Amino acid sequence: MSRTIGVFDSGVGGLSVLQYIREALPEARLIYVADSGHVPYGGRSAAFIEARGMALTRFLLSQGAEAIVIACNTATAAAAAPLRRQFSKIPFIGMEPAVKPAVAATQSKVVGVLATVGTLESARFAALLEKYAGDVRIVTQGCPGLVDLVERGDLRSIEARRLVERYTAPLLEAGADTFILGCTHYPFLAPLIREVVGEQIALIDTGAAVARELKRRVDTELPPCMQMGVVGDEIFHSSGDIERATRIVSQLWGADVTVQPLPQAYS
Ligand code: DGL
């Protein structure tokens with residue numbers, strides 16, 4: 001048996017994390033679920049997101065997942081605690097905006113956070129600021145519409161540029177020199193964000209750190225995996241339209257992939 005890791009997001013954003021997981025665990029089977037039938041999570045209630053997290057977790061466990069990455073800041077804020085309570089034997093690795101490294105990196109003492117409204121309004125995010133902001137001013141910006149762009153595979157249209165300009169302008173005006181990409185969809189827009197804000201702004205996301213944390217927990221908490229030297233694979237599922245999911249996942253993953261429907265019982 002090879003190592004099996006489950007990964008889920010509201011949609012295709014978590015693919016930005018999956019790339020790092022692939023590098024960190026080259027021999028693992030990675031099962032990814034895009035909950036594109038319910039995207040975006042950003043404006044949904046915590047109860048709704050928790051219910052989706054429970055369903056997606058049950059599906060991933062039914063497929064043999066031994067650890068689960070919640071590759072979504074919004075779902076982590078709403079559902080990580082209840083998921084850990086419900087499935088107490090399973091390691092869950094969540095994501096949260098990279099406040100700590102951004103506070104360490106800023107020279108201007110102003111950090112901008114681009115994230116979903118759900119993440120920014122969560123108690124978890126408030127606790128993160130309380131713990132790490134110190135004397136640094138944190139300017140937040142909810143970004144409705146950015147997730148939808150990435151879900152459509154639109155990474156650089158005029159409309160995309162206008163939205164990015166609108167959301168980054170207040171952060172630049174406030175003097176932020178470091179921007180946190182606090183949603184896993186946003187790294188796919190990083191080249192466009194970079195064009196809009198210029199080279200002098202640092203863009204920080206947490207994909208690499210999450211993959212490192214996953215590897216650490218797999219190595220320390222799961223029983224050793226006997227099969228060595230196998231090449232890992234990826235299996236993709238979506239609760240949304242499969243033709244569209246196949247097109248967009250292939251575009252963002254950078255290879256032609258097959259996407260299977262998430263079984264009805266979990267959709
Ligand atoms: N990728 C999710 C995140 O990191 C997007 C949330 C959404 O669907 O609005 O927050």
Side-chain angles (χ1 to χ4, degrees), residues 6-21 32-53 55-57 68-81 83 92-99 102 112-126 128 140-155 160 163-164 167 179-190 193 203-211 213-214 236-241 244-245 248-249 251-253 262 267:
V7 181
F8 75 83
D9 177 39
S10 62
V12 292
L15 296 170
S16 69
V17 185
L18 199 72
Q19 305 173 151
Y20 291 106
I21 297 175
Y32 183 91
V33 183
D35 199 15
S36 299
H38 302 283
V39 73
Y41 282 179
R44 304 269 199 182
S45 70
F48 179 89
I49 299 168
E50 181 182 326
R52 291 309 302 149
L56 301 178
T57 297
I68 293 185
V69 178
I70 309 171
C72 176
N73 295 261
T74 313
T76 299
L83 285 172
F92 282 93
I93 293 82
M95 319 247 335
E96 50 195 17
V99 174
V113 186
L114 301 166
T116 68
V117 173
T119 295
L120 297 176
E121 288 182 349
S122 67
R124 206 180 159 107
F125 183 67
L128 200 60
T140 62
Q141 176 66 55
C143 306
L146 289 193
V147 164
D148 310 82
L149 290 173
V150 178
E151 288 292 315
R152 292 200 298 270
D154 174 0
L155 308 183
L163 266 187
V164 166
Y167 292 142
F179 288 11
I180 297 172
L181 305 184
C183 166
T184 54
H185 283 72
Y186 302 169
F188 289 113
L189 292 165
I193 297 172
L203 303 178
I204 299 191
D205 76 83
T206 34
V210 164
E213 173 65 2
L214 170 66
F236 298 96
H237 291 269
S238 172
S239 59
D241 178 79
R244 174 171 153 154
I248 304 299
V249 172
Q251 175 193 341
L252 300 179
W253 188 244
L262 186 69
S267 294

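As the structure is a computational prediction, the values presented were derived from the model and not from experiment. Every heavy atom of this structure was used, including side-chain atoms; hydrogens, water molecules and symmetry mates were not. Whatever order the structure lists ligands and atoms in, that order sets their numbers, starting from 1.
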Side-chain donor-acceptor distances from residues 10-21 under 3.5 Å, at least two apart:
unit_1	atom_1	unit_2	atom_2	d
Ser16	OG	Gly13	O	2.9
Ser16	OG	Thr184	O	2.7

In terms of side-chain heavy atoms, does Glu96 have a donor or acceptor partner in Thr76 at a distance below 3.5 Å?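 No, no side-chain donor-acceptor pair sits under 3.5 Å.
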
| task | Check ring-ring contact (aromatic ring centres under 6.0 Å, His included) between Phe125 and all other residues, then give those that pass, not counting sequence neighbours. | result |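 For Phe125, no residue satisfies ring-ring contact (aromatic ring centres under 6.0 Å, His included) once neighbours in sequence are set aside.
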
Contacts of Asp35 meeting side chain to side chain donor-acceptor pair (under 3.5 Å) (sequence neighbours excluded), chain-then-number -> Tyr41, Arg52, Ser239

Give every pair formed by an N or O atom of ligand 1 and a protein N or O atom closer than 3.5 Å, one pair per line with both atom names and the distance to 0.1 Å, or write none.
unit_1	atom_1	unit_2	atom_2	d
ligand 1	1 (N)	Asp9	OD1	2.9
ligand 1	1 (N)	Thr184	OG1	2.7
ligand 1	1 (N)	His185	ND1	2.8
ligand 1	4 (O)	Asn73	N	2.8
ligand 1	4 (O)	Asn73	ND2	3.1
ligand 1	4 (O)	Thr184	N	2.9
ligand 1	4 (O)	Thr184	OG1	3.3
ligand 1	8 (O)	Ser10	OG	2.6
ligand 1	8 (O)	Tyr41	N	2.7
ligand 1	9 (O)	Tyr41	N	3.3
ligand 1	9 (O)	Gly42	N	2.7
ligand 1	10 (O)	Asn73	N	3.4
ligand 1	10 (O)	Thr74	N	3.1
ligand 1	10 (O)	Thr74	OG1	2.5

Could you check whether any side-chain N or O of Thr140 sits under 3.5 Å from a backbone N or O of Val113, counting only pairs where one atom can act as donor and the other as acceptor?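 No; zero donor-acceptor contacts below 3.5 Å.
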
Handout entry: Any donor-acceptor pair under 3.5 Å from Tyr32 side chain to Asp9 backbone
Key = no

